[in-house]
Each structure stands twice: as C-alpha cells, then as structure tokens.
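Worksheet: one structure, shown below.
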There are 2 protein chains.
Amino acid sequence: KEFIIRGVAQDNNVVKIAVLGVPDKPGIAYKVFSALAADHIAVDMIVQSIRNSDKKINDIVFTIAKPDLDQVKEIMAKIGQEIGVIGLEFDEDVAKVSAVGAGMFGNPGIAAEMFGALGDAGINIEVISTSEISISCLVRKDQAKDAVTAIHNRFFKQR
Amino acid sequence: KEFIIRGVAQDNNVVKIAVLGVPDKPGIAYKVFSALAADHIAVDMIVQSIRNSDKKINDIVFTIAKPDLDQVKEIMAKIGQEIGVIGLEFDEDVAKVSAVGAGMFGNPGIAAEMFGALGDAGINIEVISTSEISISCLVRKDQAKDAVTAIHNRFFKQR
Ligand SMILES: C[C@@H](O)[C@H](N)C(=O)O
Ligand SMILES: C[C@@H](O)[C@H](N)C(=O)O
C-alpha cells in the first residue's frame with residue numbers, strides 16, 4: 001500500500017458556525033459570505049451538503065478563527081434576519097484534523113483509512129470536506145490529539 | 001481588488017451520491033469508503049455537514065465518475081443494508097465548477113465573489129466544498145457552462 005499523505009495537521013483555534021435553514025435559492029450564499037468579507041473575517045472551511053427533508057432550505061456550515069467569534073455572531077444575527085434562517089449555531093468545542101498530501105484526488109483508500117483510524121479510536125466525525133490535496137474532518141476538541149495520533153499511526157508507523 | 005484565483009474548472013462527468021440518514025457514530029464513514037476502495041472506485045468530493053433535525057443521523061454526499069455509477073449503486077445497496085440508511089440518491093444531472101488558485105485560504109472575498117457570480121446568474125448552489133487551493137460547487141448540469149462563464153467574468157474580464 002503506497003500512501004501519498006505527507007502529514008497530519010490539527011487546528012484547535014476553530015469555531016464551527018452553522019447557518020440553519022436558509023432559503024435554497026441563488027444569491028443566498030453570496031449574502032452570507034459577502035457580509036463576512038466586508039468585515040474582513042477570515043473563513044476556513046465552507047461546507048454545504050444536501051438537505052434531506054425540506055428541499056427548499058439548506059444549512060451552510062463554515063469555520064472561523066476563535067478571536068473573530070463575537071464579531072461573527074453580530075454579523076450573522078443581522079444576516080439571519082435579512083435572509084431568514086431557522087437558527088444559528090456557534091460551536092467552539094471543535095477542532096479540525098486534516099490529512100494532507102499530493103494527489104489525494106480520487107483515491108478512496110486514503111479517505112477510508114483516515115475515517116477508519118478515527119472510527120477505531122472511537123472518534124465521531126462531525127463534518128467532512130475534501131480536496132485534491134487534503135481531507136479535513138471536524139471532531140470534538142478534546143479528541144483532536146487522539147485523532148491526530150490515530151491518523152498518524154494508520155499512515156506512517158505501521159507500514 | 002487583487003484576486004488570486006488562477007482559473008475556473010468544470011467537470012460534467014460527475015454523479016452526486018447521497019447516503020441519507022446514516023448512524024452518526026464512529027466507524028460509519030469508514031464502512032462506506034472502504035467498500036468503495038475495495039472495488040477501486042475513484043471518489044472525488046466527499047462532503048458531510050451537520051444534520052439540523054435528528055442529531056443521531058447524518059447524510060454523506062460524495063461524487064464519482066459517471067462510468068462507475070452502476071457498480072456504485074450495487075455497492076451502496078449492500079452497504080446501505082449493512083449500516084442502515086434512510087435512503088440513497090443518485091443524481092447524474094450535476095456538474096462541478098471550481099475556482100482554483102493559490103492561497104485561497106481564509107479570504108472570504110474569493111468565496112463571496114464566486115457565490116455572487118452564480119447568484120447573479122440565477123444559478124443555485126447545491127453543494128459547496130472548499131480547501132486551501134479551491135472552492136467547488138455542484139450545480140445543475142445544464143447550468144454548468146453559464147456558471148463557468150459567470151465566475152470567469154467576475155474574476156477576470158471586468159477588472
Ligand atoms: C443555500 C445557498 O447555497 C443557495 N443554494 C445559493 O445558491 O446561494
Ligand atoms: C456519519 C459518519 O461520518 C460518522 N459520524 C463517522 O464518524 O463515521
């Protein structure tokens with residue numbers, strides 16, 4: 001098994017923001033992120049999946065750095081009013097763990113191994129986002145260190 | 001406005017698979033992707049957000065290449081039985097459009113502009129996934145060409 005991951009990264013300085021039940025129509029994602037851009041708020045992950053039940057609304061999840069939380073709460077309260085949302089969630093108890101490497105593209109074995117490492121360690125994966133060069137998961141903050149160790153051992157130590 | 005995107009990519013050869021209502025507990029994502037890896041199915045995007053209603057279940061969305069669809073349907077029917085899912089959705093009518101560049105990391109202005117270009121063109125964003133070097137959206141396949149043009153004009157032509 002030739003693994004192409006270069007390393008495992010961890011970021012404890014993240015806050016997960018969930019904008020729940022936004023209208024699923026053109027221009028809504030723009031309203032959310034242009035409001036953040038206007039106040040120069042750095043955004044890391046942006047994740048939007050499908051909504052199983054009501055197809056007319058959707059949830060947008062994104063992460064910011066902890067120091068920006070108070071400002072983002074104000075921005076989202078205003079935007080929430082403007083676009084109409086079911087709710088807003090702010091979760092500081094998360095951390096991002098990522099497997100990074102070249103050409104992860106398309107190799108489900110990499111994702112499976114990472115998810116398997118977390119599963120075997122009893123760590124629940126809350127959010128997943130992938131790209132050509134990385135796979136990122138949000139987990140509970142108090143499990144981040146175990147998560148990094150589990151992923152690292154799965155890809156590096158035991159081969 | 002200094003934009004750092006290098007280009008806009010489009011992929012019409014994708015199928016969006018949604019595994020709806022899986023148990024939200026450790027090891028489940030591993031079961032799904034190890035089954036795909038065992039059959040050498042290339043997976044592109046993997047997106048899992050939060051589930052607004054029932055917190056004990058979640059939806060996992062991923063994309064594959066069209067030629068693998070029949071095989072993936074078989075794999076997912078088996079896995080669906082094994083882990084217990086509410087439903088499976090296979091959608092061939094999607095395309096992926098991505099803005100790629102260096103150091104997109106943290107600049108919400110890039111994401112906002114891309115989402116704004118799609119919004120102004122009346123194109124609904126169905127799925128979003130971001131990384132340090134790219135922002136990807138799934139849109140209706142018949143809007144993919146307009147989506148690429150709208151994003152391209154927003155970042156390149158009019159400055
Ligand atoms: C929910 C949000 O992404 C919406 N679909 C949009 O296109 O902006
Ligand atoms: C839903 C799935 O991602 C689950 N939470 C897991 O950890 O595997």
Side-chain angles (χ1 to χ4, degrees), chain A residues 16 18 20-21 24-37 40-53 58-61 65 86-87 89 105-109 111-113 115-136, chain B residues 16 18 20-21 24-37 40-53 58-61 65 86-87 89 105-109 111-113 115-136:
Chain A
K16 181 178 79 176
L20 302 169
D24 199 356
K25 56 175 206 242
I28 294 296
Y30 171 69
K31 283 206 187 344
V32 172
F33 293 97
S34 57
L36 293 163
H40 308 293
I41 302 287
V43 168
D44 182 9
M45 292 170 84
I46 303 174
V47 178
Q48 176 191 311
S49 180
I50 58 156
R51 206 164 212 272
N52 181 24
S53 47
N58 207 331
D59 309 315
I60 299 177
V61 167
I86 289 178
E89 275 180 17
F105 190 86
N107 182 340
E113 288 302 310
F115 301 155
L118 296 174
D120 290 349
I123 296 169
N124 192 47
I125 304 168
E126 299 188 11
V127 170
I128 301 171
S129 179
T130 62
S131 82
E132 296 70 14
I133 60 159
S134 68
I135 301 172
S136 293
Chain B
K16 181 179 77 179
L20 302 169
D24 199 357
K25 57 172 206 260
I28 295 294
Y30 171 70
K31 282 209 191 333
V32 172
F33 292 97
S34 57
L36 293 163
H40 309 294
I41 302 287
V43 171
D44 183 11
M45 293 170 83
I46 303 174
V47 177
Q48 177 192 307
S49 182
I50 57 156
R51 207 166 212 275
N52 181 25
S53 48
N58 207 329
D59 308 318
I60 299 177
V61 167
I86 290 178
E89 279 181 11
F105 191 83
N107 182 338
E113 289 301 317
F115 301 155
L118 296 174
D120 290 350
I123 296 169
N124 193 48
I125 304 166
E126 300 188 11
V127 169
I128 301 171
S129 179
T130 62
S131 83
E132 295 71 13
I133 61 160
S134 68
I135 302 172
S136 292

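Lettering of chains follows the sequences in order, A, B, ..., and the numbering in each one begins at 1.
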Subject >> B:Ser134 backbone acceptor or donor facing A:Glu132 side chain under 3.5 Å >> reply: no

Original post:
Of all of B:Gly87, B:Gly119, B:Ala35, which one pairs up most often with chain A through heavy atoms under 4.5 Å apart?
Top reply: B:Gly119

Original post:
With a 4.5 angstrom heavy-atom cut-off, which part of B:Lys16 approaches chain A: side chain, backbone, both or neither?
Top reply: side chain

Original post:
Is the shortest heavy-atom distance from the side chain of B:Phe115 to the side chain of A:Ile46 under 4.5 Å?
Top reply: yes

Original post:
What's the spacing between B:Phe33 CZ and A:Ile135 CD1 if we round to 0.5 Å?
Top reply: 9.0 Å

Subject >> B:Met45 side, atom CE; A:Thr130 side, atom OG1 - distance, nearest 0.5 Å >> reply: 7.0 Å

Subject >> Atom pair CD1/CD1 of B:Ile125 and A:Ile60 - distance to nearest 0.5 Å >> reply: 7.5 Å

**OP:** Measure distances from B:Ile41 to the heavy atoms of chain A and classify the residue's part below 4.5 Å as side chain, backbone, both or neither.
**Re:** backbone

Subject >> Where B:Ser131 and A:Ser131 come nearest, the two heavy atoms and their spacing >> reply: CB-CB, 3.1 Å

Original post:
What part of B:Asp24 is in contact with chain A, defined as an atom under 4.5 angstrom from a non-hydrogen atom: side chain, backbone, both or neither?
Top reply: both

Subject >> Heavy-atom closest pair, residues B:Glu126 and A:Gln48 >> reply: O-NE2, 3.0 Å

Original post:
Which region of B:Ile123, side chain (C-beta onward) or backbone (N, CA, C, O), has a non-hydrogen atom less than 4.5 Å from a non-hydrogen atom of chain A, or is it both or neither?
Top reply: backbone

Original post:
Is there side-chain contact between B:Leu20 and A:Ile50, with heavy atoms separated by less than 4.5 Å?
Top reply: yes

**OP:** Can you see which heavy atom on B:Ser49 is nearest to which on A:Ser49, and at what distance?
**Re:** CB-CB, 4.0 Å

**OP:** Check B:Ser129 against A:Ser129 and note the closest heavy-atom contact, atom names and distance.
**Re:** OG-OG, 3.2 Å

